[in-house]
Amino acid sequence: TWYCCVGVATTISPLVNYGLGQIHGPLLSWKPIFLILGAITVCWSAVLFVFLPDNPMTAKRLTEEERQIAMRRLERNNAGTVRHEFNYAQFKEAFRDYKLYSCAFIVMLTGVPSGALGTFGTIVINGFGFNHFDSLALTCPIGAITALSIVVVGYITRRFKNTRYICIVVCGLISIAGDLICWFGPRNNRGLLFAGIFLVAVQVASGGLAVALVSSNISGHTSTL
């Protein structure tokens with residue numbers, strides 16, 4: 001549910017950007033988008049800095065009983081709390097564990113396409129023959145597909161054990177099919193090309209599964225700060 005908000009944001013933000021892009025004034029149409037949304041982001045980061053705790057021990061709104069419950073949950077999950085002492089044994093163990101490299105490779109392969117879709121999706125749609133602002137608005141369905149696919153694979157992996165790798169592969173294959181449609185599809189069939197983008201968006205779900213895979217199998221903290 002938390003990760004599917006990536007898709008929810010992709011659904012809502014293009015509409016906001018589309019509206020801000022209609023502002024006519026001395027500035028170019030894209031500048032109000034950056035100035036207004038950038039200012040909101042900076043202000044919200046200040047709110048999070050003040051009110052979002054780092055761990056249960058520093059959460060001021062928790063009672064002592066609630067804090068102990070939260071600590072026991074971390075202990076049960078073997079997650080641990082943040083420690084600021086550098087643990088050389090953990091550092092050495094991480095670099096000698098092949099599973100760490102495997103997880104890093106999976107996250108990289110699933111995360112790079114997700115970032116590319118979010119960054120260049122509008123440009124790709126624009127290449128289908130839509131104008132810039134219509135392309136921006138047409139990214140909304142992509143966000144909806146992203147959110148839905150994340151919820152679906154999340155349900156499947158919680159309902160059936162040991163299916164994360166399978167779901168990652170299936171989402172990747174669906175995305176590859178969408179890539180091939182966008183690459184080789186006829187340029188005059190914009191509906192088919194747009195459907196290919198929908199299939200590409202399913203890949204974001206595999207990125208969420210990859211992150212969950214790492215967080216479920218790797219725990220502990222070591223830091224020099």
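- In terms of heavy atoms, R61 sits closest to E66 at O-OE1, 4.0 Å.
- Contact of the L35 side chain with the L27 side chain is registered, since non-hydrogen atoms from C-beta on lie closer than 4.5 Å.
- A distance of 10.5 Å separates CD1 in I150 from OG1 in T1, rounded to the nearest 0.5 Å.
- Taken to the nearest 0.5 Å, the CZ atom of F105 stands 16.0 Å off from the OH atom of Y98.
- Cluster membership check: L199 does not share its hydrophobic cluster with L173, using side-chain heavy-atom separations under 4.5 Å among Ile, Leu, Val, Met, Phe, Trp and Tyr.
- Placement of I33 and I40 within a single hydrophobic cluster is found when ILVMFWY residues are connected by side-chain heavy-atom separations under 4.5 Å, directly or transitively.
- Criterion: ILVMFWY side-chain heavy atoms under 4.5 Å apart, direct or through other members. Under it, V6 and V211 are not part of a common hydrophobic cluster.
- Within the structure, salt bridge (Lys or Arg N to Asp or Glu O under 4.0 Å) contacts touching residues 177-199 (residues at least two apart or in different chains) do not occur.
- For the pair S175 (side chain) and G172 (backbone), a donor-acceptor distance under 3.5 Å is absent.
- The shortest non-hydrogen separation linking G196 to I181 is CA-CG2, 4.0 Å.
- Looking only at distances, no side-chain donor or acceptor of Q68 sits under 3.5 Å from a matching main-chain atom of E65.
- Judged by distance alone, with hydrogens and angles left aside, the side-chain atoms of T163 form no donor-acceptor pair with the main-chain N or O of I166 at under 3.5 Å.
- Note that SG of C171 and CD1 of I176 are 11.5 Å apart. Values are rounded to the nearest 0.5 Å.
- Put simply, the side chain of Q203 never gets that close to the backbone of I174: no donor and acceptor are under 3.5 Å apart.
- In this structure a side-chain-to-backbone donor-acceptor pair under 3.5 Å is missing from R164 to A210.
- A side-chain donor-acceptor contact under 3.5 Å links T41 to the backbone of L37.
- Expressed to the nearest 0.5 Å, how far CG of L193 lies from CZ of F184 amounts to 13.0 Å.
- The local environment of CD in E93 is sparse, with at most 12 non-hydrogen atoms from other residues, nucleotides or ligands closer than 6.0 Å.
- Criterion: ILVMFWY side-chain heavy atoms under 4.5 Å apart, direct or through other members. Under it, L109 and I106 are not part of a common hydrophobic cluster.
- In this structure, the side chains of I156 and R159 stay at 4.5 Å or more apart for every pair of heavy atoms.
- With T11 contributing its side chain and A144 its backbone, the two residues share a donor-acceptor pair below 3.5 Å.
- The side-chain heavy atoms of I142 and I125, taken from C-beta on, include a pair separated by under 4.5 Å.
- Panel note: side chain Y101, backbone F95; a donor-acceptor pair is recorded below 3.5 Å.
- What you find for L28 and P32 is that their closest heavy atoms are O-CD, 3.0 Å.
- In this structure, the separation between SG on C167 and OH on Y155 is 12.5 Å, given to the nearest 0.5 Å.
- By the salt bridge (Lys or Arg N to Asp or Glu O under 4.0 Å) test, D97 is found to be paired with K99, residues two or more places apart in sequence or in another chain being considered.
- Residue pairs meeting the salt bridge (Lys or Arg N to Asp or Glu O under 4.0 Å) criterion with at least one partner in residues 103-129, sequence neighbours excluded, are absent.
- For the atom pair C140 SG and I145 CD1, the distance stands at 12.5 Å (nearest 0.5 Å).
- When hydrophobic clusters are built by joining Ile, Leu, Val, Met, Phe, Trp and Tyr residues whose side-chain heavy atoms come closer than 4.5 Å, directly or via intermediates, Y3 is grouped together with V202.
- Within the 4.5 Å cutoff, no side-chain heavy atoms of S149 are placed close to those of V204.
- When side chains are defined from C-beta on, L213 counts as touching Y165, because their heavy atoms get closer than 4.5 Å.
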